[in-house]
Number of protein chains: 2
Amino acid sequence: MVKRGLNRDRLVEIAHEYVAANGLDALTMRRLASAAEVTPGALYKHLKDRRDLQRAMSDAVYATIDLTDIDTDTPTVAQVITCCERMRAAMLTFRDGGRIVAGSYSPFAATLALSGTLMRLLQGVVQPPFHPGDIQSALRSYTTGFVIEEQAYLELERTGEWEPLVTALTAHFPRANRTGDTISIMTGERDRRFTAGLTAILTGTVRPDPTPQ
Amino acid sequence: MVKRGLNRDRLVEIAHEYVAANGLDALTMRRLASAAEVTPGALYKHLKDRRDLQRAMSDAVYATIDLTDIDTDTPTVAQVITCCERMRAAMLTFRDGGRIVAGSYSPFAATLALSGTLMRLLQGVVQPPFHPGDIQSALRSYTTGFVIEEQAYLELERTGEWEPLVTALTAHFPRANRTGDTISIMTGERDRRFTAGLTAILTGTVRPDPTPQ
DNA sequence: ACCTGAACACCGTTCAAGT
DNA sequence: ACCTGAACACCGTTCAAGT
């Protein structure tokens with residue numbers, strides 16, 4: 001009788017390791033079981049079903065976001081941007097992190113902490129006629145959408161499907177030149193473009209931070 | 001020997017009908033085959049595999065977007081908003097439309113038409129220091145992310161999981177009151193909130209349309 | 001309380017054979 | 001060219017039985 005030490009959190013950890021190595025589509029309950037060196041049936045003592053697994057994986061992604069250094073008592077636009085960048089970073093550290101979060105049908109469970117601090121910051125900087133709730137929603141939707149797109153690109157790049165796809169598309173749509181803005185969206189400078197989007201949302205909707213002289 | 005009339009497009013149509021009735025997670029190749037009144041093996045004459053099916057379904061979503069009345073020669077902010085609202089509407093008309101698009105790993109195939117007109121419009125209205133490509137990317141990411149979140153809510157509502165989830169969350173997080181901005185994000189006024197997000201992105205980044213006197 | 005073994009009703013995909 | 005029938009190697013989930 002071995003001390004197994006197997007539990008829900010450890011299972012979620014193993015699941016993320018498996019996805020990191022093989023991608024989300026390759027993850028099955030049976031393969032998770034064998035990765036955990038356990039029989040398939042044993043999983044169901046810790047997880048309700050496959051959906052429950054993905055929800056738990058989604059929560060684990062958000063749990064890596066550290067917000068302890070965010071000071072909600074002195075709200076700044078810079079801190080708002082930091083929150084969103086950490087949200088993106090959290091999803092990016094997990095392969096298929098965007099799809100895991102988006103497909104979990106659990107848009108709130110662990111996101112509440114992030115949503116809360118974001119709201120408190122925005123309440124201090126958003127200016128009329130805009131509402132903090134709308135801006136918070138927009139920032140979260142944008143971030144999720146952005147990461148899903150960039151991870152889609154990363155997956156295609158990984159499997160070598162990206163190049164053929166682009167050449168096929170440029171053949172069919174001559175106007176979409178590879179270096180132009182339409183296709184090159186993903187190829188480079190993803191960090192810069194992400195922050196540019198954040199700035200676009202915040203410009204005109206928030207009171208700018210006082211520039212330290 | 002019956003004239004079957006079965007082809008790729010018809011198969012994609014049947015797939016969307018099946019998803020509309022049963023949800024994306026219930027769609028399998030075998031069930032698609034039986035809905036098409038055909039043997040499972042027959043599918044593979046029209047579809048490469050399951051991934052190919054989802055990519056084709058994603059293309060079908062974008063194909064419903066009508067942009068013929070958009071005049072790219074006289075670009076306006078109003079037309080930019082119309083494009084994004086049509087993109088959202090297209091995804092919303094298909095159950096799980098957001099997940100289908102997001103999970104297809106095909107962010108470009110049929111989106112190129114939309115991306116192109118959006119780019120041409122933005123080139124006429126975006127003002128420095130912002131770049132049309134960045135704003136286009138931001139608008140698309142935001143729209144995709146927004147629809148995924150609202151359809152996640154719609155699915156939970158459909159299955160009756162929404163109410164228990166909210167009551168469980170409010171018990172754990174007393175600060176997230178149901179009528180407050182954190183949780184009520186989805187419950188109502190989704191149209192208004194979507195447009196508010198678009199406006200947030202565009203305010204400060206584009207030259208406003210001349211107001212007709 | 002946690003795990004195994006075995007079973008059940010499914011999957012996706014391939015391929016010779018038919019028409 | 002398109003479809004069937006049958007097969008292969010898998011799935012998710014349940015549950016009596018063991019420890």
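Labels below follow one simple rule: chain letters A, B, ... track the order of the sequence lines, proteins then strands, and each chain is numbered from 1. Atoms considered below: every heavy atom in the structure, side chains included; atoms not considered: hydrogens, waters and symmetry mates.
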statement: Residues passing the side chain to side chain donor-acceptor pair (under 3.5 Å) test with A/D66, sequence neighbours excluded, are A/T68
- line: Residues passing the side chain to side chain donor-acceptor pair (under 3.5 Å) test with A/R51, sequence neighbours excluded, are B/E161
- line: For A/T28, the side chain to side chain contact (heavy atoms under 4.5 Å, CB included) test, sequence neighbours excluded, returns A/R30, A/R31
query: In B/S/- notation, 5' to 3', how is nucleotides 7-14 of chain C contacted by protein heavy atoms closer than 4.0 Å?
result: B---BBBB
task: Provide, to the nearest angstrom, the distance between the CZ atom belonging to A/R8 and the P atom belonging to C/dA1.
output: 18 Å
field: Listed partners of B/N22 passing side chain to side chain donor-acceptor pair (under 3.5 Å), at least two apart
entry: none
task: Only counting residues at least two apart or in another chain, list the ones meeting side chain to side chain donor-acceptor pair (under 3.5 Å) with B/D25.
output: B/R99
- prompt: Between A/E37 (CD) and C/dT4 (P), how many Å, whole number?
  reply: 10 Å
query: What residues, two or more places apart in sequence or in another chain, satisfy salt bridge (charged side-chain N to carboxylate O under 4.0 Å, His left out) together with B/D69?
result: B/R86
message: Would you say A/H46 places a side-chain N or O within less than 4.0 Å of OP1 or OP2 belonging to C/dA1?
response: no
- line: Stems for DNA chain D (at least 3 consecutive Watson-Crick or G-U pairs, under 3.5 Å) come to C:4-8 with D:12-16, C:12-16 with D:4-8
Donor-acceptor contacts, no H, no angles, side chain residues 41-48 of chain B, under 3.5 Å, sequence neighbours left out:
none

message: Restricting to side chain to side chain contact (heavy atoms under 4.5 Å, CB included), what partner residues turn up for A/T195, sequence neighbours left out?
response: A/E85, A/T199
- request: Applying side chain to side chain contact (heavy atoms under 4.5 Å, CB included), name anything that partners A/A78, two or more places apart in sequence or on another chain.
  value: A/T76, A/D209
- request: Take the angle between the ring planes of B/Y153 and B/W162 and call it parallel below 30°, perpendicular above 60°, tilted in between.
  value: perpendicular
Contact residues, residues 9-23 of chain A to DNA chain C [heavy atom, < 4.0 Å]: none
